[in-house]
*Asks:* 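Let me give you the structure first, and then I'll get to my questions.
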Amino acid sequence: MLPTSEQPAFVRTVAVLGAGYVGLTTAAGFAHIGHTVRVGESAPERLATLEAGGVPISEPGMDDLLRAGVGGGRITFHAANPDAVAGADVVFIAVPTPEGPGGVVDLSSVHTALESIGGFLDQGAPVVVKSSVPPGSAEIIRRAMDEAGIGNPLVINPEFLQEGRAVEGVLRPHRVVIGGADTEAVALVAELHEPLGAPIVRTDAASAELTKYAANSYLATRITFVNSIAHLAEDVGADVEAVLDGLSHDPRIGGHYLRPGPGYGGSCFPKDVRALVRAAEAHGHDLRMLRTVVETNDAQLGRVVGKLSAGLGNLVGKTVAMLGIAFKGGTDDTRSSPAIALADRILAAGATVRAFDPAATVERDGLELAGDEVEAASGADALLIATEWPQFADLDLEAIAAVMRGRLIVDARNMLDRDAAIAAGFDYRGLGR
Ligand code: UDX
């Protein structure tokens with residue numbers, strides 16, 4: 001159960017610029033607490049969807065949360081940013097910060113948003129950057145604000161949302177990190193979040209920026225470590241699943257983010273790790289460990305494809321059934337999806353891919369889409385489990401065996417019961433087992 005809406009000590013008017021994933025979740029969360037939220041969205045199609053009561057992001061529970069805010073009159077949408085910030089006590093910037101050339105984060109949408117509100121802000125209303133920005137960005141953003149004639153305080157308040165758990169993440173955050181030089185502005189942003197009951201870390205801007213990138217880089221490193229141990233387990237004849245079980249009971253280690261896979265993907269980890277490496281370089285600092293993480297993660301795709309070619313001899317003319325297209329289970333998001341990267345390598349090696357995913361889709365020459373697992377497996381020489389959708393753990397192995405031409409299963413998520421797969425007559429190859 002999620003907490004019910006509580007009236008905060010005093011309600012504020014919050015502007016949120018950008019109705020993407022981060023902006024909409026932020027807006028829905030603040031409205032749930034009781035604040036008045038004015039969302040600025042410049043893309044006409046997205047705005048039209050929102051105004052018609054639609055929700056342009058696919059996230060469990062988000063429709064209800066957002067509609068409750070709109071229905072209760074606490075969320076309004078605005079085409080022009082000056083309208084959105086009119087009368088706002090605080091302005092959140094939640095525009096995209098994609099990867100630019102050379103792994104450097106592209107802040108141009110932040111700059112455009114700032115230019116659009118110069119001269120329209122209430123004096124003293126803090127400008128809060130929710131978009132992911134690497135260390136050093138606050139100084140650049142401060143200069144851009146000065147150029148746009150915005151003397152208001154700047155606050156960095158990074159978002160830690162995980163896809164598929166955004167509602168939980170916004171209503172019950174593990175922590176709220178707020179950084180800035182103006183203590184009053186930091187206090188105001190802290191007060192907005194107080195009803196959530198989460199620990200609040202008040203700090204300077206650079207520390208807030210670094211916290212976000214350090215968190216994602218740590219988790220990406222942990223996954224890469226697990227994949228490296230799985231690789232070693234194969235060479236020393238160990239079972240990585242037993243090793244991970246043994247590790248996870250140590251409270252200093254814990255059991256989260258210990259699943260071997262084809263490498264981390266998604267819209268955040270790959271981009272953020274590279275961005276931290278670049279940001280460090282800009283300060284003359286070589287983050288060698290994270291460079292190795294990036295390289296090791298990229299190499300993991302080759303290891304998975306290598307298992308297919310080792311099992312099939314040669315991929316030319318073969319058909320590979322691929323279960324999963326999304327970058328992880330529980331989402332239709334395919335950004336930096338390891339599954340798609342695997343499909344591209346398999347296609348390049350001369351095979352056909354027949355893919356099934358419960359939510360995601362992709363278009364590629366030589367890639368066919370199937371309606372379910374068995375259809376994907378029909379006539380296939382090998383089956384590849386690429387995404388950790390829970391339903392793949394319960395595959396009907398007999399039905400799959402009955403329709404496949406070959407017997408190879410490459411389980412790049414270690415989801416299947418190895419013994420059951422072998423008993424069903426498969427040549428089962430997981431990671432590190
Ligand atoms: C991540 C962070 O968790 C979130 O805090 C941040 O704000 C954005 O980036 P998300 O991209 O939704 O969130 O994905 P996450 O669930 O963390 O998974 C990232 C990738 O790591 C996926 O490709 C996933 O399959 C992989 N992964 C995760 C593993 O391979 N093994 C694991 O044990 C966990």
Side-chain angles (χ1 to χ4, degrees), residues 20-23 25-26 57-60 62 94 96-97 99 130-134 157-170 172-177 208-209 211-231 240-241 244-245 247-248 253-276 293-294 296-298 300-301 303-304 323-342 357 359-360 385-390 392 411-415 430-432:
Y21 198 84
V22 169
T25 18
T26 303
I57 56 170
S58 151
E59 188 64 41
M62 187 53 70
T97 47
E99 187 166 8
K130 255 283 171 220
S131 311
S132 291
V133 293
N157 171 219
E159 186 51 73
F160 298 96
L161 292 181
Q162 211 185 342
E163 284 190 29
R165 306 180 57 113
V167 168
E168 180 75 16
V170 79
R172 295 183 192 277
H174 293 131
R175 79 302 213 181
V176 177
V177 176
E209 291 168 334
T211 305
K212 163 77 190 198
Y213 284 76
N216 279 355
S217 297
Y218 170 76
L219 293 170
T221 301
R222 194 169 150 109
I223 294 165
T224 306
F225 170 79
V226 165
N227 287 335
S228 300
I229 293 297
H231 193 180
V240 76
E241 293 301 326
L244 296 176
D245 191 19
L247 289 179
S248 68
I253 298 176
H256 293 297
Y257 284 79
L258 278 189
R259 293 190 316 274
Y264 59 79
S267 63
C268 293
F269 283 0
K271 156 176 112 89
D272 290 355
V273 179
R274 287 193 292 262
L276 188 55
V293 166
V294 173
T296 310
N297 193 61
D298 291 345
Q300 186 69 359
L301 295 169
R303 291 199 53 236
V304 173
L323 301 189
I325 295 172
F327 84 94
K328 67 174 186 179
T331 177
D332 63 355
D333 195 341
T334 58
R335 286 176 289 174
S336 295
S337 170
I340 294 178
L342 287 171
D357 188 287
I385 301 184
T387 306
E388 73 276 45
W389 281 97
F392 297 156
D411 184 358
R413 296 283 187 172
N414 281 3
M415 295 195 77
L431 297 178

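As the structure lists them, so they are numbered: ligands from 1, and atoms in each ligand from 1.
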*Asks:* Has R175 got its NZ or CZ under 6.0 Å from the middle of the six-membered ring of F160, at an angle within 45 degrees of the ring axis?
*Replies:*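 R175 over F160 ring: yes.
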
*Asks:* Going by heavy atoms in the side chains, are T97 and K271 under 4.5 Å from each other?
*Replies:*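 SC-SC contact between T97 and K271 confirmed.
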
*Asks:* For a quick check: using heavy atoms under 4.0 Å, what are the residues in contact with ligand 1, sorted by chain and number?
*Replies:*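 Lining ligand 1: E159, F160, L161, Q162, E163, K212, N216, I223, Y257, L258, R259, Y264, G265, C268, F269, F327, K328, E388, R413.
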
*Asks:* Between Y21 and E159, is the side-chain hydrogen bond (donor to acceptor under 3.5 Å, both in side chains) condition met? List the steps.
*Replies:* CA-CA 11 Å; Y21 198 84; E159 186 51 73; over 6 Å; no

*Asks:* Who are the side-chain hydrogen bond (donor to acceptor under 3.5 Å, both in side chains) partners of D357, not counting sequence neighbours?
*Replies:*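 Per chain and number, D357 pairs via side-chain hydrogen bond (donor to acceptor under 3.5 Å, both in side chains) with W389.
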
*Asks:* Which of these, I223, V240, I229, sits in a side chain to side chain contact (heavy atoms under 4.5 Å, CB included) with P260?
*Replies:*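 One option only clears the test, and that one is V240.
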
*Asks:* Here's a test for you: under side chain to side chain contact (heavy atoms under 4.5 Å, CB included), which of N297, L301, T387 qualifies with P338?
*Replies:*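 So, applying the side chain to side chain contact (heavy atoms under 4.5 Å, CB included) to P338 and each of N297, L301, T387, only L301 qualifies.
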
